Participant: 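Take this structure first; my questions come after.
Keep in mind that what you see is a predicted model, and the values were worked out from it rather than measured. Just so it is clear, the values below take in all heavy atoms, side chains as well, and ignore hydrogens, waters and symmetry mates. Order of the sequence lines sets the chain letters (A, B, ...), proteins ahead of strands, with each chain counted from 1.
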Amino acid sequence: TTPDSTKISKEQLKRLHSRILDEISSQSQVDKPGPLTVPF
Amino acid sequence: MVMLHSKNVKVFLENTLKPYDLHSVDFKTSSLQSSILLTATNGGIMSFATSNSDVPKNSINEINSVNNLKMMSLLVKDKWSEDENNTVEQPTNSCYPVEIESFKTKIYTYEMEDLHACVAQIPNSDLLLLFIAESTFPYGLLVIKIERAIRELSDLFGYRLG
Amino acid sequence: MEAEQNSNIKGTIAFDSHGNVIESTGVGSTRIEDICELSRVALDAEGFAQVQGDSLLVHLYKRDDVTLAVYT
């Protein structure tokens, strides 16, 4: 049996996974300063 | 008919350079080294941004830096072209097909000496977006970054040269 | 670091469906080669698994094409 001290719960794992992905998602956002094309 | 808004494109590319700082796992990356908009036709640079803000303008170092970018852009464009036309066997771990607003494109990752490169065609256009980062910047994260950037480039979907 | 609030965590690796690293920390940074094996581990219906290594236990959770491996 694996000692409890080496385990992390499924909920902790799920939460950590979510936090990582949420942080990556928010930090991947790129601000667009305005239209990237102009008519001519 | 439209043309690129040079200033806004430049600022957009500068905005893509920002690093990651994940507090949840204490993981940080460096900034991208360069973010480049190049032509899919001949690898010419339309616009670029780099993190080397400490290089004096109009200096020899800046000229060398730009020349290096030109060289890397050409190399990546050639490799991209080769991979796009290789219908027989697509590399799997370095090619990510993505769908954005019903447009399809592919993200490729390449190793360039001690750098990580990631490139994708802006959907339906003659333009490629190229990210160059240090080798400590994970490929998986580079792919996520470029995909998000391309989603913001809908203004350039369908952009044709000449 | 929030993850260190659980002091059991010795390191992490997050990787995508192509086996490319998204992030790595602690012992995870020195065990990137584990990805090949970890990506083949059968996950349960909820996306979880555990793998016992030499001195480390690896907890796996996959969702949205991203697998998180936590070493304890």
Participant: Are there more than 12 heavy atoms of other residues, nucleotides or ligands under 6.0 Å from atom CE of Met71(B)?
Facilitator: no
Participant: Both conditions, 6.0 Å and 45 degrees, for the charged tip of Lys62(C) above the ring of Phe48(C): are they met here?
Facilitator: no
Participant: For the interface with chain C, which of Val143(B), Leu141(B), Leu142(B) has the highest count of heavy-atom pairs at distances below 4.5 Å?
Facilitator: Leu141(B)
Participant: May I ask you to decide if Ile9(C)'s main-chain N or O and Thr72(C)'s side chain share a donor-acceptor pair within less than 3.5 Å?
Facilitator: no
Participant: Taking all non-hydrogen atoms of both residues, which atom of Leu38(C) and which atom of Tyr71(C) are closest, and how far apart?
Facilitator: CD1-OH, 3.8 Å
Participant: If you count heavy-atom pairs under 4.5 Å between each of Gly11(C), Ser17(C), Ser24(C) and chain B, which one has the most?
Facilitator: Ser24(C)
Participant: Taking NZ, NE, NH1 and NH2 as the nitrogens, is one of them in Glu147(B) or Arg151(B) under 4.0 Å from a carboxylate oxygen of the other?
Facilitator: yes
Participant: Is the distance from the ring center of Phe137(B) to that of His116(B) below 6.0 Å?
Facilitator: no
Participant: Considering only heavy atoms and a distance below 4.5 Å, find which of Asp16(C), Ile22(C), Val66(C), Ile32(C) pairs most often with chain B.
Facilitator: Ile22(C)
Participant: Applying ring-ring contact (aromatic ring centres under 6.0 Å, His included), name anything that partners Phe15(C), two or more places apart in sequence or on another chain.
Facilitator: none
Participant: Sort by residue number and list every residue of residues 120-129 of chain B having at least one heavy atom under 4.5 Å from chain C.
Facilitator: none
